[in-house]
Amino acid sequence: MLPDDDDLPAERPGEGARVNIPLVDVMLRRIKLKPLLIFDRVLASQSIARAARELNLTQPAVTKAIQELEADLGVELFERTNRGVVPTCYAALLGDRVKAVIAELRYLTDELNSFRSGESGHVVIGTLISASARLLPSAIARLKAERPGVLVTVREGPTDRLFPALATGELDLVVGRLPEADLPLARMYSFRHTELYSEALCAVVWRGHPLASQSKIALKQLLDWPWLLPTMESPARLRAERLFADAGLPMPSNVVESLSLLTNIGLLQSMQAINLMPRAVAQHFAQLQLLTILELGDIGAFGRIGYSVRDDRASTPAAAKFIECLTLAASEL
C-alpha cells in the first residue's frame, strides 16, 4: 500500500521537489506493536470473540485493530465466516514474522530481567514423550529450587511441530529424542543438538495384563494383542517398524496410533494393549506400579536423548540455566 500525501514531508523552503520516504520507513511508522499482538491471538484462535476474551478487550476493539492492520498492509488478513475467521495466505506469511517479533521481545525482557536481579526470566520448553516423564520433571524441579522466580512453560508435541516452533523462536529448546541426521527436519533448520544419553527400547503392559507375570516372552507371541504405536510421521515409528522387520515378523494388525502419553496410559489399562516405550520412561511408571516391562530381552535402541537449540542464537539466561540443570539431571538418571 502506497503512502498517502499526508504521510510525506512537506517541501522545505527553497526546495523544488518533495523528498520521498522509502515505503519500509512508512510501514515502520504506521504499524504499532499492539495490533500485531492482537493479530497473533486472532490467528491462533481463529476467533475474534475468543481473542477478545484472552486479551481482555472488547470485540469491536479487536476488529478495529485487525482492520487498521489490514489497511496499513494493504492486504486482507482474514475472511469472516459465521464460524469465526479464516486466515488468508497473507495472514500465514505475517504470522511467522509476528511470532519472531514476539519471541525477540521475550528475549529482550528476559535479558533485562536477568541483568536486574539474575533470578527471573522465562524459559519455554518443547518436549517429546521420551523426556516428559523423568528427565524434564527432574530438570525443572532442580531449576525451580535454585531460581524460583523463573517462569517455566512446557509445550508437548510431535517432532514436526516442535522444531519449526524452535526455529521461529517460540521455543527456547526442545528436549527429547534427537532427530536422525538423515531426516529432512534435521537439515531444514539451523539447530545444535546435544546428546545427554542413549535410551533403550522396551515393551510395556498394564500391571494387571495377563502377560505381566510371564517371563522370556517372544515377540511373535505379542502379535495377537492390541498395540499402541507412534503415528506414521513420527521418527519413533521407524524404530517400531524396524523391530518387527528385523525379527522377520509382520506389523501387528490391531493398532492404535497415538503420541499422547496420558491417552496411552489409559489405553494400556482399558484395552490390555502393548506399548513400546523408552526404558527410562517405562521404569518410572513401573516404580509407580502402573506398568510392567515385558521380559523380551534387548529389543533395540530407542535413540539419542538430549536437547536442541537454535545454532544462530545464544540461549537466554533463563534457558542457559535450565540447560545446566537439564545436564545435571541427565547425569543422575
Side-chain angles (χ1 to χ4, degrees), residues 127-141 154 156-159 175-178 196-232 234-306 326 329-333:
T127 182
L128 304 159
I129 184 175
S130 51
S132 59
R134 290 190 64 192
L135 174 61
L136 194 56
S138 178
I140 292 174
V154 179
E156 189 176 64
T159 300
V175 181
R177 185 180 186 273
L178 299 179
L196 297 175
Y197 57 87
S198 293
E199 183 70 284
L201 194 65
C202 66
V204 300
V205 294
W206 189 253
R207 65 189 304 261
H209 195 285
L211 295 173
S213 59
Q214 296 187 22
S215 60
K216 296 183 180 179
I217 303 172
L219 185 61
K220 186 177 180 180
Q221 297 175 246
L222 309 182
L223 289 179
D224 293 333
W225 292 93
W227 276 80
L228 309 177
L229 296 176
T231 54
M232 293 298 295
S234 169
R237 180 61 175 260
L238 297 176
R239 177 62 259 178
E241 293 178 351
R242 196 175 304 144
L243 170 65
F244 291 98
D246 291 346
L249 297 172
M251 291 289 292
S253 58
N254 187 354
V255 170
V256 174
E257 295 181 339
S258 170
L259 288 173
S260 170
L261 184 58
L262 286 177
T263 300
N264 289 352
I265 294 295
L267 289 174
L268 285 171
Q269 180 183 19
S270 59
M271 288 180 53
Q272 291 194 332
I274 301 170
N275 188 204
L276 293 177
M277 274 190 182
R279 184 166 288 274
V281 177
Q283 288 173 339
H284 172 73
F285 288 110
Q287 290 172 359
L288 296 176
Q289 297 186 348
L290 295 176
L291 306 180
T292 296
I293 300 175
L294 296 181
E295 298 297 333
L296 289 175
D298 185 10
I299 60 174
F302 175 74
R304 301 175 303 137
I305 306 300
L326 183 71
S331 67
E332 295 176 355
L333 288 180

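Model, not experiment: these values are computed from the prediction.
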Atom CG in Leu128, atom CG in Leu135: separation rounded to 0.5 Å?
11.0 Å
Smallest separation among heavy atoms of Ala240 and Leu229, with atom names
CB-CD2, 4.1 Å
Rounded to the nearest 0.5 Å, how far apart are CD1 of Ile274 and CG of Leu222?
4.0 Å
With heavy-atom distances below 4.5 Å as the criterion, would you say the side chains of Glu295 and Ile217 are in contact?
no
Verdict with reasoning, Val205 to Trp225, per side-chain contact (heavy atoms from CB on, under 4.5 Å)
CA-CA 11 Å; Val205 294; Trp225 292 93; over 6 Å; no
Looking only at atom types and distance, does a side-chain atom of Ser138 sit under 3.5 Å from a main-chain N or O of Arg134, one as donor and one as acceptor?
no
Ile305 side, atom CD1; Leu178 side, atom CG - distance, nearest 0.5 Å:
7.0 Å
Within the structure provided, determine whether Pro250 and Leu223 are in side-chain contact (heavy-atom separation under 4.5 Å).
yes
Interatomic distance, Ser331 atom OG to Leu326 atom CG [nearest 0.5 angstrom]:
10.0 Å
Are Leu276 and Arg237 close enough, and set up right, to give a side-chain contact (heavy atoms from CB on, under 4.5 Å), and what steps lead you there?
CA-CA 10 Å; Leu276 293 177; Arg237 180 61 175 260; over 6 Å; no
Side-chain donor or acceptor of Gln214 paired with backbone N/O of Leu211 under 3.5 Å
no
So, does Arg279 use its side chain to make a donor-acceptor pair with the main chain of Cys202 at under 3.5 Å?
no
If you take all heavy atoms of Leu259 and Pro158, which pair is closest and at what distance?
CD1-CB, 3.8 Å
Looking at Trp227 and Met251, would you say the former's side chain and the latter's main chain have a donor-acceptor pair under 3.5 Å?
no
Donor-acceptor pairs under 3.5 Å, side chain of residues 281-294 to any protein atom, not counting sequence neighbours: which ones?
none

Candidates Asn275, Thr263, Asn264 - the one meeting side-chain hydrogen bond (donor to acceptor under 3.5 Å, both in side chains) with Ser258:
Asn264
Less than 4.5 Å apart, any side-chain heavy atom of Glu199 and any of Arg177?
no
